[in-house]
Amino acid sequence: MELLIHDTPRDVATAASSRVAELITTSGDDFTLGLAGGSTPRATYEILRDQPISWEKVDIWLSDERWVPHLHSRSNGAMAQEALIDHIEARFHRPTWDEGLTPADSAALYETRLRSMLEGRPPDVIMLGIGDDGHTASLFPGTRALEQRDSWYVANHVPQLGEDRLTATFPLLWSAGLLLVVAVGTGKATALKTTFEGDTPAGMLDNGDASVEWHVDREAASLVR
Ligand code: 6PG
């Protein structure tokens with residue numbers, strides 16, 4: 001894992017955006033980008049949308065999603081749509097939410113769609129965040145999805161939140177070219193410390209073939225170095 005410490009949250013967003021733009025620009029004819037949910041990556045997306053990128057070659061998907069309607073204020077897909085997707089010409093693949101679907105059915109449908117999108121290639125870049133408890137994507141401590149080694153995308157009930165999530169699993173994350181994690185603020189300092197001690201789900205990101213870059217600000221890194 002590579003730890004890249006930037007002065008401010010804005011510097012983190014600028015660095016992460018530049019890194020993604022560089023990788024898309026230097027790639028071949030097609031590129032896949034997994035987006036992180038939560039609030040931290042919004043600033044990155046708002047910079048990324050103004051970069052001179054050939055978005056028509058990019059397929060974008062979600063590393064996780066809350067089990068809520070597409071327009072819900074907690075939807076990661078809705079945030080991505082507003083902060084990035086509505087401003088660019090990339091193809092955007094969202095999990096299906098429907099009252100007639102179970103989270104597990106939706107996750108299985110989404111996995112099929114991801115496998116078709118990837119056509120046997122590894123994901124190029126997957127952006128992620130980290131929660132105060134060290135979760136990443138929707139791989140929360142003590143939840144079943146942490147153990148999943150066959151499926152790429154599953155439903156995951158999170159008792160500590162009392163909600164269902166859909167999430168990429170470690171096999172999919174570990175297969176990526178690059179996992180790019182963004183974290184800012186003192187609220188993430190303890191999570192980063194325990195993560196770099198290997199004691200959190202986010203600390204497991206380094207257990208596969210993917211390169212892992214942590215783009216963090218000084219506050220988030222304050223207990224790591
Ligand atoms: C989600 C996420 C999750 C997020 C962390 C950090 O759906 O919540 O994908 O893994 O990245 O919880 O969230 P913040 O960026 O809001 O701190």
Side-chain angles (χ1 to χ4, degrees), residues 1-27 31-48 51 53 60-64 76 79-80 83-84 122-143 145-146 167-225:
M1 291 203 267
E2 186 177 3
L3 179 63
L4 299 153
I5 303 174
H6 308 281
D7 285 336
T8 67
R10 181 73 184 171
D11 294 335
V12 170
T14 302
S17 169
S18 300
R19 188 77 172 101
V20 171
E22 169 202 10
L23 290 166
I24 296 174
T25 303
T26 56
S27 73
F31 192 92
T32 63
L33 173 62
L35 296 182
S39 57
T40 303
R42 177 188 282 274
T44 298
Y45 303 159
E46 290 173 347
I47 295 170
L48 197 55
Q51 301 309 300
I53 292 170
I60 297 179
W61 56 285
L62 295 173
S63 57
D64 75 316
N76 289 332
M79 183 273 284
L84 177 62
D124 290 296
V125 175
I126 305 176
M127 289 190 65
L128 296 165
I130 181 172
D132 298 353
D133 60 357
H135 78 261
T136 189
S138 282
L139 300 166
F140 284 78
T143 61
L146 288 173
T167 186
T169 61
F170 279 118
L172 180 56
L173 298 177
W174 286 336
S175 72
L178 173 66
L179 300 176
L180 195 160
V181 193
V182 289
V184 301
T186 49
K188 298 296 169 72
T190 300
L192 250 69
K193 180 178 184 297
T194 52
T195 290
F196 277 72
E197 291 163 355
D199 296 339
T200 68
M204 295 173 63
L205 290 173
D206 208 31
N207 295 359
D209 296 331
S211 300
V212 186
E213 289 181 5
W214 289 77
H215 289 264
V216 306
D217 72 345
R218 294 199 177 287
E219 289 187 352
S222 58
L223 299 179
V224 172
R225 285 221 175 138

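- Looking at heavy atoms from C-beta onward, Val20 lies in side-chain contact with Leu48 at the 4.5 angstrom threshold.
- Proximity of Pro41 to Met79: side-chain heavy atoms (C-beta onward) are separated by under 4.5 Å at one or more points.
- If you check the side chains of Asp11 and Thr8, you find a donor sitting under 3.5 Å from an acceptor.
- Remark: Leu139 CG to Thr167 OG1 distance equals 4.0 Å, nearest 0.5 Å.
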Just do the side chain to side chain contact (heavy atoms under 4.5 Å, CB included) check on Ile47 and Arg10 with the steps written out, would you? CA-CA 10 Å; Ile47 295 170; Arg10 181 73 184 171; 3.7 Å; yes
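- Taking Asp7 as the reference, Arg218 meet the salt bridge (Lys or Arg N to Asp or Glu O under 4.0 Å) condition, with sequence neighbours excluded.
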Could you please spell out the steps behind the side chain to side chain contact (heavy atoms under 4.5 Å, CB included) verdict for Leu3 and Phe196? CA-CA 10 Å; Leu3 179 63; Phe196 277 72; 3.9 Å; yes
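- Considering only heavy atoms from C-beta on, Glu213 stays 4.5 Å or farther from Leu179 through its side chain.
- Among residue pairs with one or both ends in residues 38-48, those qualifying as salt bridge (charged side-chain N to carboxylate O under 4.0 Å, His left out) are Arg42-Glu46, Arg42-Glu82; sequence neighbours excluded.
- Contact check for Leu178 versus Leu23: side-chain heavy atoms found under the 4.5 Å cut-off.
- Residues satisfying the ring pair (Phe, Tyr, Trp, His ring centres under 6.0 Å) criterion with Phe31, sequence neighbours excluded, are absent altogether.
- Looking at heavy atoms from C-beta onward, Leu128 lies in side-chain contact with Leu173 at the 4.5 angstrom threshold.
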Given side-chain hydrogen bond (donor to acceptor under 3.5 Å, both in side chains), test Ser138 with Asp64 step by step and report yes or no. CA-CA 6 Å; Ser138 282; Asp64 75 316; 2.6 Å; yes
Test side chain to side chain contact (heavy atoms under 4.5 Å, CB included) on Leu33 and Asp124 and set out the steps. CA-CA 6 Å; Leu33 173 62; Asp124 290 296; over 6 Å; no
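- Side-chain atoms of Phe140 and Asp133, non-hydrogen and from C-beta on, do get closer than 4.5 Å to each other.
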Step by step, work out the side chain to side chain contact (heavy atoms under 4.5 Å, CB included) result for Leu35 and Trp61. CA-CA 6 Å; Leu35 296 182; Trp61 56 285; over 6 Å; no
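- No option in Val182, Thr195, Leu180 other than Thr195 meets the side-chain contact (heavy atoms from CB on, under 4.5 Å) test with Trp214.
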